[in-house]
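Scroll down for the structure; my scribbles are underneath it.
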Amino acid sequence: VSFQIKQGETVAIVGESGCGKSVTALSIIQLVPQPAGFIAGGEVYYKGQEITRLPEVEKRKIRGNEIAMIFQEPMTSLNPVFTIGYQLLEVIQRHQGIRGKSARDAAIEMLDWVGIPDPVKRFEEYPHQLSGGMKQRVMIAIALSCRPGLLIADEPTTALDVTIQTGILQLIKQLQREFGMAVLLITHDLGVVSEMADRVAVMYAGKIVETSDWKTLYRNPRHPYTIKLLESLPSRQKRGDALQTIEGRVPKATQYPDGCRFAERCPSVMSGCDTLLPPLIEIETGHHAACHLYNPAFHSVAEEQEEREG
């Protein structure tokens with residue numbers, strides 16, 4: 001997986017459950033659960049600095065301060081035995097180095113920033129006293145309390161009512177404009193992508209298979225997986241038609257083929273797709289797809305093989 005995000009830009013990683021979106025996000029901030037998971041290789045650069053090999057004490061200065069994350073499931077992300085104010089103060093005091101009334105004022109100001117009514121009262125309350133939408137706003141307040149350069153939003157509207165979802169997304173966009181931060185949006189909801197993202201990376205089975213700006217992706221998808229994904233949207237189908245699906249199943253992470261991981265489900269599969277991994281190829285300016293349909297080198301090898309067999 002390789003991608004970059006510019007200052008002030010929103011990049012969405014989209015894909016079905018289990019494709020590796022959240023693991024990618026956790027890898028950036030070095031929170032992959034151990035020993036179940038580990039960093040096998042690769043690099044993460046933030047403002048030109050490679051951060052994966054920094055001492056843990058240096059990583060902690062970046063994590064939550066320079067790079068912040070809104071986690072899935074607001075209902076369980078907050079600690080139920082501490083007040084909202086305590087959990088906000090913990091972040092502000094650790095990273096901003098302020099204490100006492102100044103820290104409390106900063107925390108209450110953040111609650112007000114994210115649209116929580118009566119923030120002074122909410123500061124003293126516990127998570128169970130807040131609705132799901134309010135908890136998510138508190139999570140956003142915690143994530144943005146240090147004005148990070150990069151915000152990772154992992155399914156920020158999961159389990160929320162549709163009307164609350166819209167409010168949360170608008171809030172993130174507003175705060176992004178205010179702070180000038182970059183946003184990495186993790187989602188499986190293509191409707192959210194069209195509302196939020198400047199660029200989109202489509203993931204399948206741990207690999208990015210297509211990237212472009214969202215308008216190009218919706219109007220002219222090139223990877224067979226992206227095409228099938230968009231065809232399965234109810235909004236793209238005529239009333240009364242059966243819901244389109246993608247036949248087959250995603251391969252297990254322990255049984256990925258050597259070649260294209262979508263080969264077994266792909267309607268355009270060719271001989272050799274299952275043995276040769278396709279690189280991301282630029283089809284047009286800013287539009288890349290990892291598919292052998294657009295790989296001249298693959299077709300040259302296939303032609304040579306056919307000639308030898310012939």
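- To the nearest 0.5 Å, atom NZ of residue K173 and atom CZ of residue R177 are 6.5 Å apart.
- Residues L78 and I142 are in side-chain contact: their nearest non-hydrogen atoms beyond the backbone lie under 4.5 Å apart.
- Using a 4.5 Å cut-off on side-chain heavy atoms (C-beta onward), Q170 and E195 make contact.
- No donor-acceptor pair closer than 3.5 Å links the side chain of Q174 to the backbone N or O of E178.
- Contact of the R122 side chain with the L130 side chain is registered, since non-hydrogen atoms from C-beta on lie closer than 4.5 Å.
- Checked by atom type and distance alone, the side chain of S102 never pairs as donor or acceptor with a backbone atom of I98 at under 3.5 Å.
- The aromatic rings of F82 and Y86 lie parallel to each other, with less than 30° between the two planes, well short of the 60° mark.
- Between A25 and I152, the shortest heavy-atom distance links the atoms CB-CG2, 3.7 Å.
- With contacts defined as side-chain heavy-atom distances shorter than 4.5 Å, the pair I84/P127 qualifies.
- Rounded to the nearest 0.5 angstrom, S77 OG and M69 CE are separated by 9.0 Å.
- Salt bridge status for K59 with E66: absent, with no side-chain N to carboxylate O gap under 4.0 Å.
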Report task. Output, in order, the C-alpha distance, side-chain angles, deciding distance and verdict of side-chain contact (heavy atoms from CB on, under 4.5 Å) for D154 and I70. Result -> CA-CA 6 Å; D154 188 2; I70 304 170; over 6 Å; no
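- Side-chain contact check for I140 versus I172: some heavy-atom pair is nearer than 4.5 Å.
- Of the possible donor and acceptor atoms, one in the side chain of S212 sits under 3.5 Å from a partner among the backbone N and O of L217.
- V11 is not listed as a side-chain neighbour of L185, based on a closest heavy-atom distance of 4.5 Å or more.
- For the atom pair CZ (F71) and OG (S22), the distance works out to 10.0 Å, reported to the nearest 0.5 Å.
- Q176 and T10 share a donor-acceptor pair across their side chains, judged by distance under 3.5 Å alone.
- Ion pairing between E9 and R199 holds under the 4.0 Å rule for side-chain N and carboxylate O.
- Ionic pairing of E56 and R60 is present here: one or more N-O contacts between side-chain nitrogen and carboxylate oxygen are shorter than 4.0 angstrom.
- Under a hydrophobic-cluster definition in which Ile, Leu, Val, Met, Phe, Trp and Tyr are linked whenever side-chain heavy atoms come within less than 4.5 Å, directly or via other members, F123 and M110 are assigned to the same cluster.
- Both the sub-6.0 Å distance and the 45° axial angle are not jointly satisfied by R261 relative to the ring of Y204.
- Taking the six-membered ring where tryptophan is involved, the planes of H128 and Y126 are essentially parallel, since the angle between them stays under 30° and well short of 60°.
- For the pair C146 and H95, the tightest heavy-atom approach, listed with the atom from each and the gap, is SG-CB, 3.5 Å.
- Applying side-chain hydrogen bond (donor to acceptor under 3.5 Å, both in side chains) to H188 and the options E16, K21, E155 leaves one that passes, E155.
- One hydrophobic cluster holds both V32 and I29 under the rule that ILVMFWY side chains link at heavy-atom gaps under 4.5 Å.
- Checked against E210 for a side-chain hydrogen bond (donor to acceptor under 3.5 Å, both in side chains), the options H287, H288, R222 give a single hit: H287.
- A donor-acceptor pair under 3.5 Å is formed between the side chain of E50 and the backbone N or O of V44.
- Looking at heavy atoms from C-beta onward, P279 lies in side-chain contact with N295 at the 4.5 angstrom threshold.
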Enumerate, atom names and distances included, each donor-acceptor pair closer than 3.5 Å involving a side-chain atom of residues 246-259, sequence neighbours excluded.
{"from": "Y256", "atom 1": "OH", "to": "A205", "atom 2": "O", "distance (Å)": "3.3"}

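- Residue-environment remark: CD (Q7) stays at or below the threshold of 12 foreign heavy atoms within 6.0 Å.
- K121 and E124 are not joined by a salt bridge, as no carboxylate oxygen comes within less than 4.0 angstrom of a charged side-chain nitrogen.
- If you take OG1 on T226 and CD on E231, they are separated by 11.0 Å, rounding to the nearest 0.5 Å.
- L31 and V1 fall within the same hydrophobic cluster, where Ile, Leu, Val, Met, Phe, Trp and Tyr residues are linked whenever their side-chain heavy atoms come under 4.5 Å apart, directly or through other members.
- L54 places none of its side-chain heavy atoms less than 4.5 Å from the side chain of K61.
- A donor-acceptor pair under 3.5 Å links the side-chain atoms of T24 to the main chain of G20, judged by distance alone.
- Cluster partners of V162: none. The rule joins Ile, Leu, Val, Met, Phe, Trp and Tyr whenever side-chain heavy atoms lie under 4.5 Å apart, and it links nothing here.
- Here E125 does not pair with K135 in a salt bridge; the nearest charged N to carboxylate O distance is not below 4.0 Å.
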Query raised in the report: Are T211 and V200 close enough, and set up right, to give a side-chain contact (heavy atoms from CB on, under 4.5 Å), and what steps lead you there?
Result: CA-CA 6 Å; T211 65; V200 187; over 6 Å; no
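- The aromatic rings of F179 and W113 lie tilted to each other, with the angle between the two planes from 30° to 60°.
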